[in-house]
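In what follows, a structure is listed as structure tokens, so that the remarks can point back to it.
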Amino acid sequence: MAAVAEGLEPETAAVEDAAGAVTDAVDARLGAPPLLAGNRLSLDLHPRGCHRLLHLCAKQVRQLLEVEFLQLSGHEDPQLLQATLARLPWSLPRLRSLVLKGGQHRDALGACLRGSLATLPASLSGLAHLAHLDLSFNSLETLPACVPQLCGLDALLLSHNCLSELPEALGALAALTFLAATHNRLRTLPAALGSLSSLQRLDLSENLLDALPPEIGGLSSLAELNLASNRLQGLPASLAGLRSLRFLVLHSNLLASVPAGLARLPLLARLDLRDNQLRDVPPELLDAPFVRLQGNPLGGPSPDPHSPPGTPVVPEMPRLLLTSDLDSFAVTSLGCSVTLACGVRLQFPVGATATPVTIRYRLWLPEPRLVPLGPHDSLLSGVLELQPHGVAFQKDVGLWLLFVPPRARRCREVVVRTLSDNSWSDLETHLEEEAPKRLWARCQVPHFSWFFVVSRPVSDACLVPPEGTLLCSSGHPGVKVTFPPGATEEPRHARMQVVRVGSRELPAMLGEPEAAASPLLYLSQSGPPSFLRPVTVQLPLPPGVTGLSLDRSHLHLLYRAPPAATWDDITAQVALELTHLYARFQVTRFSWYWLWYTTKTCVGGLARKAWERLRLYRVSLIALQRRRDPEQVLLQCLPRNKVDSTLRRLLERYRGPEPSDTVEMFEGEKFFAAFERGINVDADRPDCVEGRVCFVFYSHLKNLKEVYVTTALDRRAQAVRGQVSFYRGEVPEEVPEEAEAARQKRGADAPWMATLPLKLPRLRGSKGPGQGAGLSLAPLNLGDAETGFLTQSNLLNVAGRLGPDWPAVALHLGLPYRELQRIRHEFRDDLDGQIRHMLFSWAERQAGQPGAVGLLVEALEQSDRRDVAEEDRSVGFQAPLEVEDRPSPSPSTTSAVWHPPLRLLPECSRVKWPISRSVCQPSSSMAASLG
């Protein structure tokens, strides 16, 4: 290899030779040489992408001279990556687009990792045709010197790096039209930035900027400027000279004033000033329809109007309003008030932290290993994780969590549960009602961890001193515990919970009209397991029973000691003292206690069944197919009392069989759906195991999933009649293909719960064998070979990231406002449904028309969702140069394959799982996931 002749160091040549040897071995195992096609080469998702590219360069494959688009991963070995990049000017002389993003790898908790790229070789400046350079999600601390020398550069993406400044040399990029440097550490901007006369879009959000250079007014072509979530306290008057400006985003800063000249910009269509410190704005801006001013103290008094001249003004606490694409924010000693995209609110008081801290948040779908619940607890919210864990704040931080109103409120309370010191505890919680169905759980937290909202039986607690004390139930005045003097040597905490028992449950189960039971009593305490002296417990007698008339042989005191699931009759082991209304007994250990009155003699097993029945929810399972797209199947587990109302709402858009018979499920119980008789799940979903869709039942949350199904059978000849069966538990290693055998066992321990029929109708008008049967949403393979294609998976991924911004996207896609209102009304309780219906309705109208990718990208950019737009744009680069000997899928088959959703996607949507990938799935917001 002529390394010296081409300007490479001998060390680089050695690396290249080693790469060639490794790739030769790989190709030998594959049994065929790499296949090159087209002008695009995507190696960012291939293992050993740099090795493969160096191998192609070493073979001097002529097709490389035609490559214009190249994608490599920033997670490659740094030395190997530098050697590979150094080859590009000679091996790929026509390269127009170079993507070197990180973010493809994740840590143990699912967070995207930055790539190792920290610099670029100087020889890269020889790429004379390069117009697009993406270095996002890497470890750049300074801009490589070769970048300002790329004179033909049109787009430069530097987001999610560690840049603290941009060089003055950046002004040499005269052809630059798009610059993105979000989520960095920029504190100042170079004056030379104003010389970029061709720049049309500039995104510097999520940085540390406190001022702008006056030269920024020289950006004569600038149409979009995003400076959200910085620390700007003022704006230069030169901004009023940006005559081409259409969108100016300044929300979540510290602005106290804005130039009046902004109102006279002729093309300005949106000015976002939300969550600043504006107390007064020019009248022409105050009434302008394109100005957003929410979250400002308009009309409020100055911080200290009587301060003498020269006294520094202490800025008001910053307020941040995060959009759905952000998962972190910075907090300083000034404190701040933050509203997350999911609706969660945080308030950091002044002095909560002495040094700046970057806070990260994630939303997790609940899962039993992450959500510990008591036997009678109900989950009311998703799970919020705040990082960094364990960092102690100097002042408690206020936290507001949205939750679903509990159905049962009598003798129950709502609390926030958190992990602290490796154990779960409940925080003192206050409830705030914003609307009848919009409730907040507010608490104070000293450090960050996981948080969620539960409904539990009312808990009464006290500190037991050596002198003794009395603990009474606030919901049941007759329930008392008396601690005598000397019961403990050291003070210890005692807690009491009382669970009400329906008067009809026990007689119906025992078939005995006179049977009755007292409330369930649960006692717990900290410290040694036993008390030094017996503690007296008082329970009310079962309803309808008095101490003067009862038959003592029918009275049973039952005891349960966790973790055992059995109940023991301890009547003969204690001395029951009876009064007219109460029974008293003494114990030295705390646990569950229950008084029964029945003629049955062996009541231990009956008590276990009765206790389980108290915790069971009666539900029905439904499986519906979308009328316009039968391959889209909605699976849901509904409380029995909500089945009819839900079906009335859904049957306008879905059709399907009658709901299943009533089944009983515990809170937090796992179950799964298996498609059978020729029907399979169409995509590799993270919540699927071996084609089975996994669920966890929570009584107050939406147990709903929509999946796309397909079949290997030929639908051109006849319809496919299949079914979906629901089973309890986790997916076993060996799942029966059919539910027939499991259906024979309908006992209490049987895994099978229900089977519902599905039908994929016969395909009509299919032409030739190239059109596979059973493919989902084939007409929605939008776009063209020139600009790229959007598949159903791409659209679903976009839908999962839009959140509450979807109406703006809809209007920019050309949907009339009346249709937008109709969608809002039709899906008024389903945010995800609104978004999906809007996108797929638009997609159906675009079927067969070219340029769909461009239309969607433009609408996203105009709606200030450039985060999704940048990733969507990469769909146009998804036709990769093949580097393995495998057949290329035809357009008719790609629509049914789960593509890497939006290839350049740096981060999954907000919902990620810390436990296992099998239960991770994207979601738009916590509010949308609540029932």
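We count residues from 1, following the sequence as given.
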Quiz item: If you look at every heavy atom in S328 and E206, which pair is closest and at what distance?
Solution: O-OE1, 3.9 Å

Self-check item: Steps toward salt bridge (charged side-chain N to carboxylate O under 4.0 Å, His left out) verdict (R201, E861)
Solution: CA-CA 10 Å; R201 292 182 292 153; E861 290 175 342; 2.4 Å; yes

Quiz item: Quick one: does N207's side chain get under 4.5 Å of L227's, heavy atoms only?
Solution: no

Quiz prompt | Contact summary for F247 and Q862, nearest pair of heavy atoms | solution = CE2-O, 3.5 Å

Quiz item: From L176 CG over to S195 OG, what is the distance, rounded to the nearest 0.5 angstrom?
Solution: 10.5 Å

Quiz prompt | Considering all heavy atoms, the nearest S159-N184 contact | solution = CA-ND2, 3.9 Å

Quiz item: Is E66 salt-bridged to R94, going by a charged N under 4.0 Å from an acidic O?
Solution: yes

Exercise. May I ask you to test the F329-S252 pair for a side-chain heavy-atom distance under 4.5 Å?
Key: no

Quiz prompt | Under 3.5 Å donor-acceptor, Q200 side chain and A223 backbone | solution = no

Exercise. Rounded to the nearest 0.5 Å, what's the gap from CG on L839 to CH2 on W806? Could you check?
Key: 9.5 Å

Quiz prompt | Any donor-acceptor pair under 3.5 Å from E76 side chain to G115 backbone | solution = no

Self-check item: Flag for T177-D154: side-chain donor and acceptor within less than 3.5 Å
Solution: yes

Practice problem: Check the pair L232 / L250 against side-chain contact (heavy atoms from CB on, under 4.5 Å), numbers first and verdict last. | Solution: CA-CA 9 Å; L232 297 174; L250 294 164; 4.3 Å; yes

Practice problem: Would you indicate whether the side-chain heavy atoms of K101 and Q71 approach each other to under 4.5 Å? | Solution: no

Quiz item: Pick from H132, E68, H129: which one makes a side-chain hydrogen bond (donor to acceptor under 3.5 Å, both in side chains) with S97?
Solution: H132

Quiz item: How far apart are the closest heavy atoms of V67 and L92, and which atoms are they?
Solution: CG1-CD2, 3.6 Å

Exercise. Measure the shortest side-chain to side-chain distance between L193 and L179 over non-hydrogen atoms and say whether it is less than 4.5 angstrom.
Key: yes

Exercise. For the pair L189 and E215, evaluate side-chain contact (heavy atoms from CB on, under 4.5 Å) and give the outcome as yes or no after the intermediate values.
Key: CA-CA 10 Å; L189 296 177; E215 289 80 4; over 6 Å; no

Quiz item: Counting distance only, does the side-chain N/O of D134 pair as donor-acceptor with the main-chain N or O of V99 below 3.5 Å?
Solution: no

Exercise. Using the six-membered ring wherever Trp is involved, compare the ring planes of H183 and H160 and label them parallel, tilted or perpendicular (cut-offs 30° and 60°).
Key: parallel

Self-check item: Value rounded to 0.5 Å, distance of CG in L124 from CG in L150
Solution: 6.5 Å

Quiz item: Is there side-chain contact between L100 and L85, with heavy atoms separated by less than 4.5 Å?
Solution: yes

Quiz item: Got a second to check how far S139's OG is from L163's CG, nearest 0.5 Å?
Solution: 10.5 Å

Practice problem: Please say whether more than 12 non-hydrogen atoms of neighbouring residues, nucleotides or ligands are located less than 6.0 Å from CD in E141. | Solution: no

Quiz item: Between the main-chain N or O of A122 and the side-chain N or O of S125, is there a donor-acceptor pair closer than 3.5 Å?
Solution: yes

Quiz item: Tell me, do R185 and C162 make a side-chain contact under 4.5 Å, heavy atoms counted?
Solution: yes

Self-check item: Contact summary for L245 and E224, nearest pair of heavy atoms
Solution: CD1-N, 4.0 Å

Quiz item: Thinking salt bridges, do D272 and R270 make one under a 4.0 Å N-O criterion?
Solution: yes

Practice problem: Report yes if some heavy atom in the side chain of L81 is under 4.5 Å from a heavy atom in the side chain of P78; otherwise report no. | Solution: no

Quiz prompt | Criterion side-chain contact (heavy atoms from CB on, under 4.5 Å) on S136 and L157, from CA distance to verdict | solution = CA-CA 6 Å; S136 304; L157 289 78; 3.8 Å; yes

Practice problem: May I ask you to decide if H51's main-chain N or O and H55's side chain share a donor-acceptor pair within less than 3.5 Å? | Solution: no

Practice problem: Considering non-hydrogen atoms only, spot the tightest contact between R231 and N253 and give its length. | Solution: N-OD1, 3.3 Å

Quiz item: When you measure from the side chain of S116 to the backbone N and O of G74, does any donor-acceptor pair fall under 3.5 Å?
Solution: yes

Quiz item: Are L70 and L53 close enough, and set up right, to give a side-chain contact (heavy atoms from CB on, under 4.5 Å), and what steps lead you there?
Solution: CA-CA 10 Å; L70 172 64; L53 181 55; 4.0 Å; yes

Self-check item: Side chains of L170 and L156 in contact at under 4.5 Å (non-hydrogen atoms)
Solution: yes

